[in-house]
Visitor: 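This is the structure, below, for whatever I ask next.
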Amino acid sequence: MSLVLVANRAPIRPTSTGWAPALGGLASALLPVLEAQGGAWVAMQEPDERTPLFQRYPDDDPRFTVRRVPLEEPEYAAFYQGMANRVLWPLAHYLVEHVEPERTFRDAYRAVNRRFAHAALDVAREQGGAVQFWIQDYHMMLVPEMIRGALAGAQVGFFWHVPWPASEVFRIVPSATALLKGLLGSDLIGFHTEGYAENFRESARDLLGAEIDPEGVHWQGRHVRVEAHPIGIDVERFVGFGERPETQAQAEALVEELGDVQIVLGVDRLDYTKGLLLRMEAFERFLELYPEMHGRVTLLQVATPSRTGVPAYDRLRRDMDEITGRINGRFAQGAWAPVRYRYRSFTQEELAVLYRAADVAFVTPLRDGMNLVAHEFAAVSERGALVLSELTGAADYLDGAVFVNPYDAEGMARSLREALDLPEDDRRRRLASLRAAVERLDVHVWADRFLTSLDGRPAPPADGEGG
Ligand code: ADP
Ligand code: G6P
């Protein structure tokens, strides 16, 4: 059966020398899946983007096709920057103060979803034969219902890549019922954790009056299955980066360049859900509490530009510059800078060097789904410790981490010290447990399990679940 995947963000981005994996958890997880399984990926083309509307990738040995749906500036602003990123994104992450009125975004969201549904149906027709539609994430909530409306017998799966909030929070958005009905056009809806799946079933019960059971939602004479399918990374790829001799050599060079300090690493899209400002405050508190660590530890924070033009993201960019300046102004001595902050994107090979060089990965989102940075670190690191926010879906699975509350700067400062001081055997034991969990959650296993379940055949058990 062939696969037609629909996701707003294309899996590859143009660079000065060719193509690179796109940034963000969804694209980096699903690119290797399409490379392995083949099929088509329907994605947006931003207004100023110069990419082909139809592309086979990779050029030299095509594995799958990319279809782009070109967006005009006003629909990009209302659909992507507006409904997706100023309403649904903060809503899913419980950051209700960032949720904006959606009335002016609603029509564009529906219209763009319709264009994606049509594009997916066109691609399916061209491919011929049996097709599985696999729709991704909060940009595309109405697409399942639209595909089902046009093709009653279609097999439609949906994966939600971010947390699903409690129904009391989801109902804040005035279009809540329309959005739920859109999703319920699917045969199978997947979430990272059983908790998110349960929140979704309860939303359908509370807001639509639908009958639910532990496996799903009864809707319009169909039973829509709602399941936990924890996603992971392409483990072999990242383990491979870690094992390259040049990764090790560059990691050593980096430690030396920073003055033989211990490295605390942050790697994120510049996004307010990632808890960056509170993380910086926690590090400032760490420096206040432990003067003996001055000159011995550096926070290396890399943040890739994301969703520029959305006001909250532009503000965060300014705030990060300011807080970095404040901390370095207070504590820097000689050649030692307590914070090294880089606002740019890195290749996966470069990230592997950072993961290898780090003593601690400091992953402290206010809310997050799987957080693939934590997985990538565990796959590459040889000796590091992971400090992880307990408010992530990943926390359900990665029990080798040191857990923190990302709203508690003082607690994070103390846990950071604990992580830096972990005895060697404890650190190794934790890393081995993390590595084992990350291997169980491998993205190829995740995709096979989801698509098998969608196909109606018995799916193997969710191995990684519960750690
Ligand atoms: P999200 O899905 O919110 O983007 P994840 O942690 O799940 O967060 O996934 C982020 C992905 O983007 C990872 O694959 C990571 O390697 C990549 N990424 C994040 N920050 C950077 C950066 N500064 N440079 C390059 N890639 C990055
Ligand atoms: C998260 C979302 C994805 C999104 C990615 C990057 O991973 O779940 O759907 O693609 O962030 O964000 P962007 O807005 O650049 O696509």
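Numbering of ligands and ligand atoms starts at 1, following listing order.
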Visitor: Cation-pi check for Phe241 against Arg244: NZ or CZ below 6.0 Å from the six-membered ring centre and within 45 degrees of the axis, yes or no?
Guide: no
Visitor: For Glu46, is there an ion pair with Arg68 - N to carboxylate O distance below 4.0 angstrom?
Guide: no
Visitor: Thinking salt bridges, do Arg383 and Asp359 make one under a 4.0 Å N-O criterion?
Guide: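 Result for this pair is yes, salt bridge flagged.
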Visitor: Look at atom 1 (P) of ligand 1 and find which of Lys274, Arg342, Arg344 reaches it with the closest heavy atom.
Guide: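 Going through Lys274, Arg342, Arg344 one by one, Lys274 has the nearest heavy atom to atom 1 (P) of ligand 1.
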Visitor: Give the atoms of ligand 2, by number and element, whose distance to some non-hydrogen atom of Tyr80 is under 4.0 Å.
Guide: 13 (P), 14 (O), 15 (O)
Visitor: Quick one: does Met370 get within less than 4.0 Å of ligand 1, heavy atoms only?
Guide: no
Visitor: Which is it for Leu26 and ligand 2 at heavy atoms under 4.0 Å: side chain, backbone, both or neither?
Guide: both
Visitor: Heavy-atom distance to atom 11 (O) of ligand 2: which of Gln81, Met370, Arg307, Gln136 wins?
Guide: Arg307
Visitor: Considering Ala374, Ala352, Gly24 one by one, which has a heavy atom nearer to atom 17 (C) of ligand 1 than any of the others?
Guide: Gly24
Visitor: Please state which option from Glu350, Glu376, His375 has its nearest heavy atom closest to atom 14 (O) of ligand 1.
Guide: Glu376
Visitor: Give the atom numbers and elements of ligand 1 that come within less than 4.0 Å of a heavy atom of Leu23.
Guide: 25 (C), 26 (N), 27 (C)
Visitor: Which atoms of ligand 2 sit under 4.0 Å from any heavy atom of Val162?
Guide: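 Going through ligand 2 atom by atom, the ones under 4.0 Å from Val162 are 8 (O).
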Visitor: If you measure from each non-hydrogen atom of Ile233 to ligand 1, which part falls under 4.0 Å: side chain, backbone, both or neither?
Guide: neither
